[in-house]
Amino acid sequence: MILVIIIVSREKTMLSNVLRSGWGVVLPGIVLTGLAFSDLSLIVWKMLIVTGLLVTSAMIWHKQLRHFVLLPSCVALISGILVIMMSLK
């Protein structure tokens, strides 16, 4: 309920922050789409997930890199989705 009140009271600010962070999802998606066509093994994809998670946790504590935390976290997320899709085949 509190989150709804904050979004309603800061409608323009909240929406502009969400739209500005879209590149943090699109850029890793483009890079990982290119990697998906290179036929990497499952172990390499799992290493990308682990690396993305470790870099995300390290970037959260850094003052300047905190603003770019979406990049490695989306790499881990998209890599995880690709691993699930590869294991379903």
Only pairs under 3.5 Å count here: list side-chain donor-acceptor contacts from residues 74-88, not counting sequence neighbours, and write none if there are none.
{"residue": "Ser79", "atom": "OG", "partner": "Val75", "partner atom": "O", "Å": "2.7"}
{"residue": "Ser87", "atom": "OG", "partner": "Val83", "partner atom": "O", "Å": "3.2"}
{"residue": "Ser87", "atom": "OG", "partner": "Ile84", "partner atom": "O", "Å": "3.0"}

Quiz item: Is it true that Leu40 and Ile49 fall in one hydrophobic cluster, defined by side-chain heavy atoms closer than 4.5 Å?
Solution: yes
Quiz item: Should Met47 and Leu42 be counted in the same cluster of Ile, Leu, Val, Met, Phe, Trp and Tyr side chains packed under 4.5 Å apart?
Solution: no
Show me the side-chain donor-acceptor pairs of residues 55-65 shorter than 3.5 Å, one per line, residues at least two apart or across chains.
{"residue": "Thr56", "atom": "OG1", "partner": "Gly52", "partner atom": "O", "Å": "2.6"}
{"residue": "Thr56", "atom": "OG1", "partner": "Ser73", "partner atom": "N", "Å": "3.1"}
{"residue": "Ser57", "atom": "OG", "partner": "Leu53", "partner atom": "O", "Å": "3.4"}
{"residue": "Ser57", "atom": "OG", "partner": "Leu54", "partner atom": "O", "Å": "2.8"}
{"residue": "His62", "atom": "ND1", "partner": "Gln64", "partner atom": "N", "Å": "3.3"}
{"residue": "His62", "atom": "ND1", "partner": "Leu65", "partner atom": "N", "Å": "3.2"}

Exercise. Considering non-hydrogen atoms only, spot the tightest contact between Pro72 and Phe68 and give its length.
Key: CD-O, 3.4 Å
Which side-chain N or O atoms in residues 24-38 pair as donor and acceptor under 3.5 Å with protein atoms at least two apart or in another chain?
{"residue": "Thr33", "atom": "OG1", "partner": "Gly29", "partner atom": "O", "Å": "2.5"}
{"residue": "Ser38", "atom": "OG", "partner": "Leu35", "partner atom": "O", "Å": "2.6"}

